[in-house]
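Heavy atoms only: backbone and side chains are in, while hydrogens, waters and symmetry mates are out.
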Amino acid sequence: MGGEQKLRELKTLHLKTVGHRNLLEQSERPEGPYIIDYEQTDEWRDLERGNWRREVHRRNAVEEDTSTVLVADGVAAQKSGDHEMPGSGQELQEADDALTMGPERVLLNALAAENLKRLPDLMLQGVPHHVIEFSRAGTPVRIYLNAETHLPTAVEWVTAYPYGMFWSIWGDVSTRVYYSLWWLQEGLHYPLQTDTFRNGMLDRSAAIVKLEFNQPVKPGDFTISPSTREAFAARGLVTADDRPLGGSSRPVQEPAPGIVILPGAWNTTIIRQPDGIVILEAPISSGYSSKVLAEAKRRFPNVAVKAVITTSDAWPHIGGLREYVARGIPVYVLDRTEPLIHRLLNAPRNRHPDAFATSARRPIFHLVSRRVDLGTGSNRMEIFPLHGEFSERQMMVYFPEHKLLYGSDAFQKLPDGQYFIPQTVSEVADAVQREHLEVKNFFMMHMGVTTWQEVLSTLRNPE
């Protein structure tokens, strides 16, 4: 790459990239093709002080935004326009990955490691490679060195990402970054393209369109306001398991006796039936599910939870299922989603174990391919696959006695009052018509109870 001295003399790195991220966590099908976020980034790495700044302009088929992440002195912040707020442990991990696993530092970190060792040679991409391995902060790291050029073709590590909403549910995540399109600049060889795979799936690709070494850091580039620093310290590092139940800004809703909607980033509903409790949705994490189950026990003492329904295959929506399986609670799931749930249950969870990691229980699945009736009494439910184009991996739940519909996460309302993704509004309406349901009110994973007439009016008068 230019020699050890050249790498050690590198103090700052400025990168501008173009690329894309595959929305592995919320595309139409888990196997792809995936919805694409196109990204333009402006990134600064302060290698000497361990600071990091990344501005991202992202755009996909339905939305566009610009945001900035700052990490300085162990504090993370997020910026959008003039608004600054404390970041999370996820941003700290992203900064650490960039600063320690990038090609400009990973070889030096390997050289400094006391446990550095050589593994057997192998073929990678049809080319012979040397392989070395070391641990950094408890994380095993492998570097695949081209045996002919001695440049690193790939870096691979395994760690957990407990602070994020997407990768936290997968436990011990394997990341492999491929480096290619090597470029000689100022005596240093540097790859202009990176392709990042997580758990064997292509997560993102990026190409560097501007590369600068040792550019002076401008005043304010890594400045985080005192108030943000105080808020970051006061909140601490909150994992997905640590998230509090519900949301303080929205009250609990009870559209009918025994139907309790717990609002939050992802709504969860507790339904009391004559022979037990049904939980509608198991989002976020195992720890969050534990809080939901505790709330169900508080509201309905001595009543067993007999089932949980998961209506969508987006990763944050299924993140809490492992807790229910660990407790032997049957899961109602769309038949098409069963393979993804098995992947979730089989994910290794050694660094941040949950109850299922030490459980010997086998899952009890009730697969839904057509209408399924659940329970009796006034809160009996009918479960239907939506089978729409965008919503083909989602289900709706109908309460016939109340003419109340739960529409999964097919759509939500934006702050301006418009519905996000009108296509899926029509798909839910089509499913209601197909199943001959009489709906008076509805609610969603991101919406409280709303009149069904409002949806019909939206379809009649689209903007």
Side-chain angles (χ1 to χ4, degrees), residues 22-32 34-35 90 93 158-175 197-203 239-243 264-268 278-293 305 307-369 383 385 391-395 408-409 445:
N22 287 326
L23 273 63
L24 304 173
E25 73 284 348
Q26 52 187 324
S27 291
E28 292 181 16
R29 299 180 180 94
E31 304 81 12
Y34 301 109
I35 300 171
Q90 179 178 348
Q93 285 192 286
V158 178
T159 192
Y161 293 93
Y163 306 103
M165 282 297 100
F166 297 154
W167 289 103
S168 61
I169 77 167
W170 297 107
D172 305 336
V173 176
S174 172
T175 300
F197 288 76
R198 281 189 163 168
N199 288 350
M201 300 178 290
L202 179 59
D203 183 46
T239 69
D241 281 328
D242 297 330
R243 287 179 70 103
W266 290 272
N267 296 342
T268 303
V278 178
I279 306 295
L280 180 52
E281 303 299 5
I284 305 175
S285 67
S286 296
Y288 194 84
S289 292
S290 294
K291 297 179 180 69
V292 171
L293 288 165
V305 174
V308 60
I309 305 172
T310 180
T311 71
S312 168
D313 69 344
W315 292 359
H317 304 171
I318 64 173
L321 279 177
R322 288 169 58 104
E323 183 67 24
Y324 291 93
V325 176
R327 300 192 188 200
I329 297 171
V331 180
Y332 284 77
V333 59
L334 187 70
D335 55 350
R336 297 171 179 173
T337 304
E338 183 189 14
L340 179 66
I341 304 305
H342 278 295
R343 273 179 48 200
L344 174 70
L345 299 177
N346 291 331
R349 190 73 70 99
N350 298 311
R351 287 165 175 78
H352 288 268
D354 58 5
F356 186 72
T358 57
S359 169
R361 289 187 182 273
R362 297 175 61 86
I364 304 169
F365 289 142
H366 294 284
L367 302 182
V368 179
S369 59
I383 309 171
S391 58
E392 72 170 30
R393 303 300 173 105
Q394 297 182 36
M395 304 190 303
S408 187
D409 187 28
M445 191 175 287

### Task
Could you check Arg327 against Ser290 for side-chain contact (heavy atoms from CB on, under 4.5 Å), going step by step and ending with a plain yes or no?
CA-CA 10 Å; Arg327 300 192 188 200; Ser290 294; 3.7 Å; yes

### Query
When the ring centroid of His352 is compared with that of Tyr163, is the distance short of 6.0 Å?
no

### Query
So do Ile341 and Val331 actually touch side chain to side chain, heavy atoms under 4.5 Å?
no

### Whether His342 and Phe365 hold their rings parallel, tilted or perpendicular, with breakpoints at 30° and 60°
perpendicular

### Arg343 CZ to Asn199 CG distance, which is reported to the nearest 0.5 Å
7.5 Å

### Task
For side-chain contact (heavy atoms from CB on, under 4.5 Å), just list the numbers for Thr268 and Tyr288, CA-CA rounded to whole Å, side-chain angles, deciding distance to a tenth of an Å, and then say yes or no.
CA-CA 10 Å; Thr268 303; Tyr288 194 84; 4.2 Å; yes

### Message
Any heavy-atom pair between the side chains of Ser286 and Phe356 that's under 4.5 Å?
### Response
no

### Message
Could you measure the distance from the CG atom of Leu321 to the CG atom of Leu344? Nearest 0.5 Å is fine.
### Response
6.5 Å

### Query
Are side-chain heavy atoms of Arg351 and Val158 found at a separation under 4.5 Å?
yes

### Query
Are the side chains of Leu367 and Val333 in touch, meaning some heavy atoms are under 4.5 Å apart?
yes

### Task
Please examine the side chains of Leu280 and Thr311, heavy atoms only from C-beta on, and report whether any two atoms are closer than 4.5 Å.
yes

#### Entry: Gln394 versus Ser408, side-chain donor and acceptor atoms under 3.5 Å
yes

### Task
Indicate yes or no: at least one non-hydrogen side-chain atom of Thr337 is less than 4.5 angstrom from one of Thr310.
no

### Message
A cation-pi test, strictly: NZ or CZ of Arg198 under 6.0 Å from the centre of the six-membered ring of Phe166 and no more than 45 degrees from its axis. Yes or no?
### Response
no

### Query
Rounded to the nearest 0.5 Å, how far apart are CH2 of Trp266 and CE of Met445?
9.5 Å

#### Entry: Arg393 CZ to Asp335 CG distance, which is reported to the nearest 0.5 Å
9.0 Å

### Beyond-backbone contact of Trp167 with Leu24, side-chain heavy atoms, under 4.5 angstrom
yes

### Message
With heavy-atom distances below 4.5 Å as the criterion, would you say the side chains of Met165 and Gln90 are in contact?
### Response
no

### Task
Working to the nearest 0.5 Å, report the span between NE2 of His317 and OG of Ser312.
5.0 Å

### Task
Decide yes or no on side-chain contact (heavy atoms from CB on, under 4.5 Å) for Val292 and Glu323, but give the supporting numbers first.
CA-CA 11 Å; Val292 171; Glu323 183 67 24; over 6 Å; no

### Criterion side-chain contact (heavy atoms from CB on, under 4.5 Å) on Ile318 and Ile169, from CA distance to verdict
CA-CA 8 Å; Ile318 64 173; Ile169 77 167; 4.1 Å; yes

### Query
If you round to the nearest 0.5 Å, how far is OG of Ser168 from CD1 of Ile284?
9.5 Å

#### Entry: Any donor-acceptor N/O pair, Asn22 side chain to Leu202 backbone, under 3.5 Å
yes

